Chemist: 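Here's a structure for you.
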There are 2 protein chains.
Amino acid sequence: MSGEDNLLRLVKADELDENNYHLQDQVGFILRKAHQRHVAIFASHIADLTPPQFAALAKLYDIGETSQNQLGTLIAMDAATVKGVIDRLKARGLVELSKHEVDKRRLLVNLTAEGREAIERLIPLARTITEETLAPLTAKEAATFLRLLAKLA
Amino acid sequence: MSGEDNLLRLVKADELDENNYHLQDQVGFILRKAHQRHVAIFASHIADLTPPQFAALAKLYDIGETSQNQLGTLIAMDAATVKGVIDRLKARGLVELSKHEVDKRRLLVNLTAEGREAIERLIPLARTITEETLAPLTAKEAATFLRLLAKLA
DNA sequence: GCAAATTCATTCGTATGCAAATGATATCAA
DNA sequence: TTGATATCATTTGCATACGAATGAATTTGC
């Protein structure tokens, strides 16, 4: 093959998007942007709590008192991250901490009355946030998307 | 309605998942987990660069020299975030900075020779990362997922 | 029953990510 | 032309996010 033929082949491949790497088509990049958009929508509806903080409260509301570590597992945060989240919720009086009577390694976390009121007040907003996040999709598309996203996560 | 009837109604609603809020079904929570998984896959293949750093290099490789602000727009980072990313790439000699001759507000960013070598070496790995991230899906599912994800992002 | 391995929590360091404030420069409009 | 606006970059503060190291407590394996 001549050099010119080779160049022609490359140009054609470029036109067909076979050779070039396009960041904006990569699943990781789009995933990051979709997540950013969701966080922005969340913040526009719930200004005084972050998504991780909300996740912690919602999970505690769902399952009741649990250890900090177990809570982290349930809301997909490592130990260092969950500690920071719980510290801030504690400082705001939304959760309270106590020592496990039997296993002295464990730090138990539970909602305070104020935390319970907060999460009950916020859950309807969270449903709105989910709706708004999925708004670009039809109901059928949203169902498909959630099914496939769950397989990836 | 009696108290017992009321309780029964609530139990049934719970079974039907109509009344309870399940964090693990919310798009925001699953999106966060999917993103975490992707970042972990990325790190397992490319240990010496983060996804945002890679994005900056890949975009510079694609479009050539541009301003820090413009680069941020293209890779979906705000000004404060892109500054940190570029600072670290500069410290490692992968990009170089210069002042725009005409518009003195602008800071131009470009790949160094080393940066160009790095991104050329890494792009094949990035394709592997994309493949591995999408591995739980069939080819058809992956195509559908990417289409819907792009609509959300 | 005891040493090894595991688990739980904490701390440190590094890297996004964004809001808000600030300063420098450029553009627009009266 | 100049005053109001807008844009570009920086800085600060706060909040995830995670690897690695550490210490305390528990469980396992022999």
Side-chain angles (χ1 to χ4, degrees), chain A residues 28-29 31-44 46-57 66-92 94-95 97-109, chain B residues 28-29 31-44 46-57 66-92 94 97-109 153:
Chain A
F29 183 71
L31 218 38
R32 175 168 148 271
K33 287 213 298 176
H35 181 247
Q36 281 177 354
R37 173 171 168 273
H38 167 75
V39 172
I41 291 171
F42 187 100
S44 74
I46 300 179
D48 58 342
L49 226 50
T50 65
Q53 289 168 2
F54 175 86
L57 295 184
T66 188
S67 74
Q68 192 173 272
N69 221 39
Q70 173 66 9
L71 180 62
T73 299
L74 293 171
I75 60 180
M77 288 178 211
D78 75 2
T81 301
V82 78
K83 183 186 190 315
V85 172
I86 293 303
D87 278 355
R88 285 180 283 278
L89 292 175
K90 178 178 186 298
R92 292 175 52 180
L94 299 176
V95 302
L97 305 179
S98 58
K99 289 176 185 169
H100 192 287
E101 287 300 320
V102 177
D103 187 340
K104 293 177 183 172
R105 293 170 306 180
R106 294 191 199 171
L107 187 63
L108 294 175
V109 190
Chain B
F29 183 70
L31 218 38
R32 177 168 148 271
K33 288 214 298 176
H35 182 248
Q36 282 177 354
R37 173 172 168 271
H38 166 76
V39 171
I41 291 171
F42 187 100
S44 74
I46 299 179
D48 59 340
L49 226 52
T50 64
Q53 289 167 2
F54 176 87
L57 294 185
T66 187
S67 73
Q68 193 173 271
N69 220 38
Q70 173 66 9
L71 180 61
T73 300
L74 293 171
I75 59 181
M77 287 178 212
D78 75 2
T81 301
V82 79
K83 183 184 190 315
V85 172
I86 293 303
D87 278 354
R88 285 180 283 277
L89 292 175
K90 177 177 186 296
R92 292 176 52 182
L94 299 176
L97 305 179
S98 58
K99 289 177 185 168
H100 192 288
E101 288 300 320
V102 177
D103 187 340
K104 293 177 183 173
R105 296 169 304 177
R106 295 189 199 174
L107 186 63
L108 295 175
V109 189

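On a predicted model such as this, the values are computed, not experimentally measured, just so you know. Lettering of chains follows the sequences in order, A, B, ..., and the numbering in each one begins at 1.
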Chemist: Run the side chain to side chain donor-acceptor pair (under 3.5 Å) test against A:Asp103 and tell me which residues pass, sequence neighbours left out.
Modeler: A:Arg105, A:Arg106
Chemist: Output yes when a side-chain donor or acceptor of A:Arg32 lies under 3.5 Å from a complementary backbone atom of B:Ala76, and no otherwise.
Modeler: yes
Chemist: Restricting to non-hydrogen atoms, name the atom on B:Phe42 and the atom on B:Thr50 that form the minimum distance, rounded to 0.1 Å.
Modeler: CE2-C, 3.7 Å
Chemist: Sequence neighbours excluded, which residues qualify as side chain to side chain donor-acceptor pair (under 3.5 Å) partners of A:Thr66?
Modeler: none
Chemist: Rounded to whole Å, please give me the gap between CG in A:Leu97 and C1' in C:dC8.
Modeler: 14 Å
Chemist: Rounded to the nearest 0.5 Å, what separation is found between the CG atom of A:Asn69 and the NZ atom of A:Lys83?
Modeler: 12.5 Å
Chemist: In whole Å, I'd like the distance from the CG atom of A:Leu71 to the C1' atom of C:dC8.
Modeler: 14 Å
Chemist: Can you measure A:Lys104 atom NZ to C:dC8 atom C1' for me and round it to whole angstrom units?
Modeler: 15 Å
Chemist: List in chain and number order the residues that pass salt bridge (charged side-chain N to carboxylate O under 4.0 Å, His left out) with B:Lys33, two or more places apart in sequence or in another chain; answer none if no residue qualifies.
Modeler: none
Chemist: Rounded to the nearest 0.5 Å, how far apart are CD of B:Gln36 and OG1 of A:Thr81?
Modeler: 8.5 Å
Chemist: Between A:Leu49 (CG) and D:dT16 (C1'), how many Å, whole number?
Modeler: 13 Å
Chemist: Going by the rule side chain to side chain contact (heavy atoms under 4.5 Å, CB included), which residues pair with A:Thr73 if we only count those two or more places apart in sequence or in a different chain?
Modeler: none
Chemist: Can you check the A:Lys99 NZ to C:dC8 C1' distance for me, whole Å?
Modeler: 14 Å
Chemist: Which angle, to the nearest 10 degrees, lies between the helix axes at the two ends of the helix from C:dG1-D:dC30 to C:dA30-D:dT1, each defined by five pairs?
Modeler: 30°
Chemist: Nearest heavy-atom pair of A:Ile86 and A:Ala56: which atoms, and what distance?
Modeler: CD1-CB, 4.4 Å
Chemist: Assign a letter to each nucleotide of nucleotides 5-15 of chain D from its 5' end: B, base within under 4.0 Å of a protein heavy atom; S, sugar-phosphate only; -, no contact.
Modeler: --BSSBB---S
Chemist: How would you label the contact of A:Val102 with the nucleic acid (heavy atoms, under 4.0 Å): base, sugar-phosphate, or nothing?
Modeler: sugar-phosphate
Chemist: Take atom CG of B:Asp48 and atom P of C:dT14, then tell me their distance rounded to the nearest Å.
Modeler: 17 Å
Chemist: Any side-chain N or O of B:Arg32 less than 4.0 Å from the OP1 or OP2 oxygen of D:dT16?
Modeler: no
Chemist: In whole angstrom, what separates A:Met77's CE from C:dA9's C1'?
Modeler: 16 Å
Chemist: In whole angstrom, give the distance that lies between atom CZ of B:Arg92 and atom C1' of C:dA15.
Modeler: 12 Å
